[in-house]
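A short write-up of the structure that comes next.
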Amino acid sequence: MSLSELSKAYTPTDVEPLWYQRWIDAGCFHADEKSSAPAFSIVMPPPNVTGVLTLGHVLNNTLQDILARRARQTGHEVLWLPGTDHAGIATQTVVERQLRKEEKKTRHDLGRTAFLEKVWEWKKKHGGIILEQLQRLGCSCDWKRERFTMDEAYSKKVQETFIDLHQKGMIYRGKRMVNWCPVSRTALSDEEVIPKKQKGILYHYKLEIIEQPGTWLEIATTRPETIMADVALAVNPNDPRYAPLIGKHVHRPLGPLAEIPVIGDEAVEMTFGTGILKVTPAHDKVDYEIGLRHQLPIIDVMNPDGTLNEFAGEEFAGLDRFEARMKAGERLRELGLLVKEEPYENNVGFSERADVPIEPRLSEQWFLRYPKTKEARAAVQQHLVRFFPDRWEKVYDHWLEHIQDWCISRQLWWGHQIPAWHSADRSEIKVQLESPGEGWIQDPDVLDTWFSSWLWAHETMDEVTRKKFYPTSVLVTGPDIIFFWVARMIMAGLEYTYALPFRDVYFTGIIRDKQGRKMSKSLGNSPNPLDLIATYGADGLRFGMMRIAPTGQDIRFDEQQIVEGRNFANKVWNAARFREMQGTCSPHPNLAEHELPDIAITLLSQFETMHGALKKAYAEYRFQEIAGLLYDFFWGDYCDWFIEAAKPTLAASQQFKLQVEVEESEKQKERFALLSTMDVVLAGFLHLLHPLMPHITEELWERLGFKEKSGFAERADFLLYAQPPQEKLLAHLSPEKIESAKNSTLALYSAIHAARNLRSECKINAKQAVDFLITPKDEITSWSPDQLEIFSALARGKNVTISHEAPPKESASVITDLGTITIPLAGLIDPVAEKNRLTIEIKNVEAELLKVRTKLNNPAFVEKVPAAILQEHREREVRWQERLESLQAMLGKLYSVLN
RNA sequence: GCGCGGUUAGCUCAGCGGUAGAGCACUACACUGACACUGUAGGGGUCGGCAGUUCGAACCUGCCAUCGCGCACCA
């Protein structure tokens, strides 16, 4: 026999990069827009150019790759379109930080043009990192169609969209309260504000009514640093405590001297705090609205960077807002106005990017009134876009129901500059691509990055590509961007393509660490996927991820799972190695030519079942199940049972072959039948596993000789494009034949299991072969030579004999569906231990019997239960009863030995 | 406050009306010619609690507890 050419252990690092290069070289991932095959397309959610690969990306892109590869295998022309997102704030921040560090300059020192050059330089250098990392994962993207949100054509489209929506009256400019990030110094959308529980202090202070000396009002605030911007105190007009004071005045205690009125407004909650609200229209949304209703003046005491300005008064000007808060508290105390300070926890909106509290701030911005909101809602309600899992529909619907206008302008430089032009005196604005002429100045602001990515599904494609591949088939993304991206893309698709941008949306889970914390850079709890790939292989990482990725559930990452992925790859490798040791594989075995042994029929049937379940799981995006089906079938059905059961025949026939070359013996025929079965199943299995573990499957496909021609010039040379396995492998056999082969094989396997258990219970050493006596259940059930041989091999039997006589007294037995199996050796068995074993077993059987009988004795049960269930319970009763009787008989015999 | 999701073996999770499951971890045995990234066998769970529906509930209904998320509230 020849030594295998396959190494003993699989080393993915030797294999994976090679295959990726071959796929690329042969153009396997390039989508042909002229193809007549049905289209399947995915646009990759563009990662930030600043990004490096995280486990979240691994999960997300593995899912997409699985879908893309599966679609190729099922005859689709596949486009998986990759790209990156310019990530306005994040990228600008990164480059500014570098500039500060390396050149000790700010962007303002450079000026806009020079700064943008720096960003582009940075992008060219680092922007591709994440995409290269995805290649290492094995992602089958069409790299020739890679897009970037700042590409020239794409940028133009973004600006044209702005102009169009402006013309339609959906985009307007206005002075409004917005979320201001003092660190990034830009406005943000509502979605970019993350509420966080914050421990602070609630300051209670009192003010005296000017018109009524001696009457004091107590006010509670968490933000005393805005007292200088207060323009009124508000009470609820229905509040009997304070209503009479409406129209009176108090002195503003901090900042420039002023008298401010007490006003009545229903927005004030009587039961909250002291029932008196200080009104700061410049620094609070609710206060702003109250201010509008009462025509109150607006005093803005804060600079864009969060420091206080001159309107706050000399004492406070220049202080940071948090310093000012402390100082304001102190001043109130010095003035004798501070009643108390109490610890207080409230929700504060934080900037998503800079992670600092945002400031509500009045500023002039561009806003979008969302288009097609009704249609977008209806599309999901009517399942024209299907969400997986569907519970996200509710979240989506709720957001659209309460949708607010979107602040789309950002005070940044990196991004799509707004195509609006101000006249020199700033009295006029023109919205258009090119400058209207001399003296017109372009609006300095850029658009929210999401205002560009909401066009991603259709504007990444040129017209021909779009014709073939748009709308896309499925979007795979995280639920955290359901508003940011998914909803907006649906609206943009409806507005600009009159189509829904995707048929299905699959929401992944969020990856957490073992303690359930979100993976984050600052916690340092995110393993580097490239390290994982180096250790376990991309295939191992991918498979491991899939096995722990429950649909729509957050994922607790555990490296052990990746270890298992690697182990599985090794298992597959070695099973292939075993096959290789048996001789050359045939690429197209004809199973109908062989007389298939029962174990082969069983395996083929199990493969069919698995294949069917797999198809169903794909249709429902149940990836964990897909991985589980493949794993269980291969490790259990194929390796643990089939290969082991085939070994005796394979070994015997091989010896035989050495002696007689001429005539084919029965054994020899059986050997070929088994090998053909293995070839069919291995080829089919590699095919089905390929989307999850693309590299190792291509490698084995080639090495085992399933690949028909040499070379890797074109698509057809790869497993990736190979014909899928047949659905019906056993069509030439009658269903009865299949059923009986399966029943007898599974009964045999279960008898082997019982026998092994018996050995173990009897404390027989694992390597010691023992004699077995088999008493078939009845005359009808007999054991075939094959069955005896397999039993003997797998249960480590020495002499295995069929006996219809009563077994010797000193023996241990177990009852199986194929009869009673006995280990007869007197010296081997400790009768006392055996007695105990039987006693426990009898107790268990009695308990089971009682359970079934209780049910069957219940008249209501017998009356109402479906016939099939009733039948099943009756059979169960008989089985347990038989077993009980046999066990009692064995025990009786043992007593005669012991006494 | 409203909504969503989770709570099943020590851990990570399946199962979602008819005899409680997998992998890992653990225990014992075995380096026999595919694989120690292995094999064989085993122990371990009143399926968060209470009540209800049902012949029958981990599974359906209601309430409660607890953890997480989203929205609202942010004096």
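No hydrogens, no waters, no symmetry mates; every other heavy atom, side chains included, goes into these values. To find a chain, count down the sequence lines: A is the first, B the second, and so on, and within it residues start at 1.
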Using atom C1' in both nucleotides, what's the gap between C13(B) and C60(B) to the nearest angstrom?
23 Å
With sequence neighbours left out, write down each residue that passes ring-ring contact (aromatic ring centres under 6.0 Å, His included) with F483(A), or none if nothing qualifies.
W399(A)
Assess whether atom CD of Q404(A) is packed by more than 12 heavy atoms of other residues, nucleotides or ligands within 6.0 Å.
no
Return yes if the base of C37(B) and the side-chain atoms of R566(A) contain a donor-acceptor N/O pair under 3.5 Å, otherwise no.
yes
Is the centre of the F685(A) ring less than 6.0 Å from the centre of the F634(A) ring?
yes
Donor-acceptor pair (no angle test) under 3.5 Å: N347(A) side chain, C73(B) base
yes
H283(A) NE2 to E359(A) CD distance, which is reported to the nearest 0.5 Å
7.0 Å
Do the side chains of E192(A) and S351(A) get nearer than 4.5 Å, heavy atoms only?
no
Reading nucleotides 26-31 of chain B from 5' to 3' and marking B where a protein heavy atom lies under 4.0 Å of the base, S where only the sugar-phosphate is that close, and - otherwise, the string is ---SSS
Please find out if less than 6.0 Å separates the ring center of Y621(A) from that of F388(A).
yes
I'd like to know whether the aromatic ring centres of Y396(A) and W392(A) sit less than 6.0 Å apart in this structure.
no
Residue whose closest nucleotide on RNA chain B lies nearer the 5' end, V286(A) versus T11(A)
T11(A)
Distance-only criterion, 3.5 Å: show the donor-acceptor pairs between side-chain atoms of residues 752-759 of chain A and protein atoms not counting sequence neighbours.
residue : atom : partner : partner atom : Å
R756(A) : NE   : L794(A) : O            : 2.9
R756(A) : NH2  : L794(A) : O            : 3.4
R759(A) : NH1  : Q768(A) : O            : 3.2
R759(A) : NH1  : A795(A) : O            : 3.0
R759(A) : NH1  : R796(A) : O            : 2.9
R759(A) : NH2  : N765(A) : O            : 2.9
R759(A) : NH2  : A766(A) : O            : 3.4
R759(A) : NH2  : Q768(A) : O            : 2.7

Could you run down nucleotides 18-25 of chain B 5' to 3' and tag each one B, S or - for protein heavy-atom contact under 4.0 Å?
BBS--SS-
With a distance cut-off below 6.0 Å to the six-membered ring centre and an angular limit of 45° from the axis, does K798(A) pair with F772(A) as a cation-pi contact?
no
In short, salt bridge (charged side-chain N to carboxylate O under 4.0 Å, His left out) pairs touching residues 855-864 of chain A with sequence neighbours left out are none
P gap between U8(B) and G3(B), integer Å
24 Å
Only distances under 3.5 Å count here; give the side-chain donor-acceptor pairs of residues 196-203 of chain A to other protein atoms, sequence neighbours excluded, each with its distance to 0.1 Å.
residue : atom : partner : partner atom : Å
K196(A) : NZ   : D355(A) : OD1          : 2.5

Among residues at least two apart in sequence or on other chains, which ones pass ring-ring contact (aromatic ring centres under 6.0 Å, His included) with W216(A)?
none
At 4.0 Å (heavy atoms only), tell me whether R796(A) reaches a base, stays on the sugar-phosphate, or touches nothing.
base
Output all residues satisfying side-chain contact (heavy atoms from CB on, under 4.5 Å) with A576(A), sequence neighbours left out; order by chain, then residue number.
L6(A), L700(A), L704(A)
Report all interatomic pairs (protein N or O, nucleotide N or O of nucleotides 1-4 of chain B) with separations under 3.5 Å.
residue : atom : partner : partner atom : Å
C4(B)   : OP1  : K394(A) : NZ           : 3.1

Which residues within residues 195-203 of chain A lie with some heavy atom under 4.0 Å of an atom in RNA chain B?
L202(A)
Mind checking which stems touch RNA chain B? I mean at least 3 consecutive Watson-Crick or G-U pairs, both distances under 3.5 Å.
B:1-7 with B:65-71, B:10-13 with B:21-24, B:26-30 with B:38-42, B:48-52 with B:60-64
Listing request: all salt bridge (charged side-chain N to carboxylate O under 4.0 Å, His left out) pairs with a residue in residues 274-287 of chain A, at least two apart in sequence or in separate chains.
D190(A)-K285(A), D230(A)-K278(A)
Any side-chain donor near an acceptor of the partner, Q871(A) and R876(A), under 3.5 Å:
no
